[in-house]
Structure formats: C-alpha cells, structure tokens
Amino acid sequence: MIIMLYYEKRKEDLFSSHGHHMIRKPRGTADILPEEAATWQYIEAKAREVACRYGFGEIRVPTFEVTELFSRGVGDTTDVVQKEMYTFTDREGRSLTLRPEGTASVARALIENGRCSDPMPLKLFYIINCFRYEKPQAGRSREFYQFGCEMYGASSPAADANIIAMASAFIRELGIENVTLHINSIGCPECRPAYREALKNYFKEHEAELCDTCRQRLESNPLRILDCKSPVCSEIAKDAPKSIDHLCPDCDAHMKSLTAQLDAMGIDYVIDTNIVRGLDYYTRTVFEFICPVIGAQSTICGGGRYDGLMKELGGPELPGIGFAMGLSRLILAMNECSKTITANNSPELYIAPMGDAAVTKASAICEGLRREGIKAESDLVGRSLKAQMKYADKIGAHYTLILGDSELESGVAQLKDMTNSTQREVRIDEIAAELTK
Ligand code: ATP
Ligand code: MG
C-alpha cells in the first residue's frame, strides 16, 4: 500500500500533462500568489508608513555578502552561523553567504558608505528576504521575510523605548492582539563576565543532564543555554542565576529608566529573565514580542541593543539597537485575529467587443482609460458575447460596455452598471469622463 502511494506520488512528481517532469520549489520556500500577496503588500506598506512616521529611512542591502560578515557580525557560536547559513563559493572561489538576517549588512553598509559621521542617531529600516537552513514548520521556513529597524549612535534608554514603541505601534496597527512584550537586560562587558561565571558554575552542576548542544555551550556561550528549547534544559534553566540580578550600576539604571519610559508611554511589558536572544553582539536590553496563539514559533519580533557590533565589524564605536520581525509570523497572527486583507483587482469597466473592428476599438479605449488611471479590461481570448458577460461578472467589473458594428457606427453605446443592472447611453469617446463623474 505504502509502495503504491509512493509510486502514485512519484508519478505525479515526474510527469506533468506534457510528459516533462514537473519542477517543485525547494523545501522551506513559498510561492505567494496574488490573493495572498495582498496581505504582504498591506504589511509592507504599513511597515514603511510606520517606520517613516518614527523617522526611519529605508535601506536596501545585497542579498549575499562575504561569509566573514556574518561569522563576525552574527557570531561564530550562534546556531545561525554554525548550522543555518546558505554558504557557497562563487566562480572565483570566494566564500559568500545568502543573508540570514539584516543587522550585520546594515552595519557594514553604514561603515562602507561613510555614514557613521552623519548626525546621530542613524535610523534605518529594511524589508528583506533572509535565508536559513532550518527544519521547516509553521512559522519557520528557509526563505523568510523580515521587517527590521536599526538605530545607531544613541545609547540612552530613551532610544530603546523609542524602538520598542515603534515595534509595538506597528504590531497594534496591523490589528494583532494577544501579544506580550517580554524584556530583559543581559548586561554589558562590565558585568557580563561575572554573570557568565555564575551561570557556568550553575550549569556545571547539571552538566550530565544537559543536551549535547548545551554541554558544548557550557564553555563557548553559557548564556545560550537559557535559550534552549529542549524540555530538560529549559527546566534546569528555570532556576539558573538571572542576569538582571548581576547588572552593574549603569546597566541597572538603564533598565530602570527604560521601564519607567515604557510605563509613561503606556506600553505594557513583562520582565522575562529567560530572554537572551541567539546572537552574540547583544548588550543590555533584549526584548521579544510573543503571540502564543500562533503556535510553537510564537516570537513575532526579536530585538535588542548591540553596542559592540559596529566596532566588531571594523567601524567606530557606535551603540546600536534594533529589532526584526518575521512577516510570515505576523500573517499567522493577523489570521488568528481574523484580520484579513482581500485583493481587489476588479476592473472599473469591462468592454465586450464583437468583431475585429470592435476588438481594435476596445483595445484603444482600454489603453486610453488605463493611461487615465482607470482599471479596464476587454476580451483577449475570443469569448462569445454570453461568455464575456459571465466573465465580466466573475472578475467583478463595475461597468460593462458592449461594442458591436452599430455602436462603432453611431459612436454611442450602453454603459451597464453591474451593481444595479441599470444602463445609460454614453458617447464612446467620452467614456473616461463618464466613468469618473
Ligand atoms: P527563533 O527563536 O524563532 O528561531 P531567532 O532568534 O532565530 O528566532 P531572529 O534571528 O531574532 O530569530 O529573527 C527575528 C525574527 O525573524 C524572529 O523573531 C522571527 O519572527 C523571524 N524568523 C527568524 N527565523 C525565521 C524563520 N526561519 N522563518 C520565519 N521567520 C523567522
Ligand atoms: Mg532561529
């Protein structure tokens, strides 16, 4: 039975109706067809509008970068660099990588384009596709889309509060509810070493119980164990020392000021001591917006402060803070909140021509209308008049106009309003004016 099913599946895979085998998209990628693209367009337009309102300018960076940018900028000990990158050598033997995220590229671009001496803060946003070799599941794919924001040159807690407020506004304005903002502070190079030691000592006591990956992390990056999703490790992590209890006075004051500002802005949050973020360059503030109703991949936005990144990438010492959101997870969250966006590409006018002369006239009228910014369609496939009217109805045309020899001769035709089945006589050459009045 299983063999039969397998054979049927293979057959389907191997032969399309033309006998050539059908090619499928790579695992973990998606086709976005027009009906669904409407939602993506809506989200992207909203992202641009909100980012602009909060004073961010759009930056567009290359889809691939030299691999070293990510090994340095994202961090050698992260899952992203260790197991998730799409790395290849080009024809000249250079190691290149499809971007797994946007932050490192933006930092590189600012350094490379001499923008680090512009008036501060630098405020950039991007909407990009990213690539990570992960196990595809709901809310996790190999090609995915991120809306991200970066602010450089502002180390104040107010900068953190501004960034968080913007992420929060964007999510709210998409109509997504049931989202909780989780924040934490993971300290700075001043206080982190002592915390790291405390963490290491704690996990050392549980070394035998930790998963293989976390046992390795014990030396390389014990903070990451807090992030581990394995049930045993996360159970052990519950009682681990908390970074928030090990902050130096400056980090502590930063966190207190941030929470006071969020309070003043009316932005709710919970302090979540297990949030560490997967990436090495984070300092102080880390945060996530979590929407539990969308399932296991419930983090719709992750962000934080990365004061060490610019320097790491060979730039000046400029503090940075930002976030990135996964667009597909935002869509899942919007769906959960019954927030649906429908594509509307219905024409204002459908012209049904009968005969060659009418086809030519219909094309000319359509083109004229389109140049005026009016959506118009006419027959391109040679349907009968009856089939054309059915088609016009199906595509939701507001008006229809039948063009035959007598209409061409008299220069007048019947403009039918499909919404109420009334019709009126119009001069063919004045149709644009008719439709806009
Ligand atoms: P996760 O814990 O879900 O793997 P992450 O820590 O790897 O997330 P970041 O690198 O901070 O994620 O990326 C920011 C956001 O991008 C995430 O919060 C998520 O919304 C989205 N994202 C990350 N990886 C994927 C993916 N493979 N598919 C879809 N969205 C993703
Ligand atoms: Mg990940």
Side-chain angles (χ1 to χ4, degrees), residues 26-30 32 40 43 47 69-70 73-75 77-86 97-107 125-150 163-164 167-168 170-171 174 176 179-184 186 213 217 221 223-230 233-234 237 272 274-282 285-306 309 320-336:
R27 193 163 134 77
T29 63
I32 298 165
W40 289 83
I43 292 179
L69 176 68
F70 302 116
V74 177
T77 62
T78 58
D79 279 357
V80 171
V81 171
Q82 285 184 349
K83 347 181 221 196
E84 297 173 2
M85 293 205 306
Y86 277 92
T97 295
L98 298 182
R99 60 182 170 213
E101 53 115 61
T103 298
S105 296
V106 173
F125 80 92
Y126 55 81
I127 300 172
I128 57 171
N129 52 347
C130 299
F131 308 85
R132 294 185 194 177
Y133 196 83
E134 307 197 67
K135 191 165 164 253
Q137 50 199 291
R140 192 182 294 292
S141 49
R142 291 183 174 170
E143 180 180 20
F144 61 99
Y145 295 81
Q146 282 190 341
F147 163 45
C149 283
E150 317 277 337
I163 279 275
I164 291 172
S168 169
F170 173 63
I171 293 167
L174 287 180
I176 298 171
V179 176
T180 310
L181 164 62
H182 294 237
I183 61 173
N184 191 21
I186 53 170
T213 324
R217 287 170 175 160
N221 192 350
L223 255 83
R224 292 281 322 286
I225 304 178
L226 298 173
D227 213 13
C228 183
K229 302 286 183 285
S230 104
C233 297
S234 46
D272 180 344
N274 280 331
I275 296 218
V276 291
R277 306 300 306 143
L279 310 178
D280 279 354
Y281 46 63
Y282 284 97
T285 312
V286 286
F287 60 90
E288 290 185 0
F289 285 83
I290 300 178
C291 181
V293 290
I294 64 171
Q297 273 62 57
S298 57
T299 302
I300 57 178
C301 172
R305 182 165 273 291
Y306 27 86
L309 178 66
I321 182 160
F323 65 76
M325 309 199 186
L327 300 194
S328 59
R329 293 187 197 177
L330 290 171
I331 292 179
L332 292 176
M334 284 170 71
N335 290 342
E336 279 304 318

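In listed order, ligands and their atoms are each counted from 1.
Here's the thing with T299: one of its N/O atoms is less than 3.5 angstrom from an N/O atom of ligand 1. Residue M325 places no N or O, backbone or side chain, under 3.5 Å from any N or O of ligand 1.
Between the side chains of Y86 and E143, no donor-acceptor pair is found at a separation under 3.5 Å.
Heavy atoms of R140 come nearer than 4.0 angstrom to ligand 1 in at least one pair. Assignment of Q297 to the shell around ligand 1 is not supported, since no heavy atom sits closer than 4.0 Å.
Heavy atoms of Q146 found under 4.0 angstrom from ligand 1 belong exclusively to the side chain. At a 4.0 Å heavy-atom cut-off, ligand 1 touches I300 through the backbone alone.
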R142/R27 under side chain to side chain contact (heavy atoms under 4.5 Å, CB included): CA gap, chis, key distance, verdict: CA-CA 7 Å; R142 291 183 174 170; R27 193 163 134 77; 3.9 Å; yes
Residue pair R224, D79: steps toward the salt bridge (charged side-chain N to carboxylate O under 4.0 Å, His left out) verdict: CA-CA 10 Å; R224 292 281 322 286; D79 279 357; 3.4 Å; yes
Full working for ring pair (Phe, Tyr, Trp, His ring centres under 6.0 Å) between F170 and F147: CA-CA 10 Å; F170 173 63; F147 163 45; 4.9 Å; yes
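We find the CD-CG distance between E288 and L181 to be 10.0 Å, quoted to the nearest 0.5 Å. Between atom CD1 of residue I300 and atom CD1 of residue I171 there is a gap of 4.0 Å, rounded to the nearest 0.5 Å.
In summary, the atoms of ligand 1 found under 4.0 Å from a heavy atom of G302, numbered by their order in the structure, are 18 (O).
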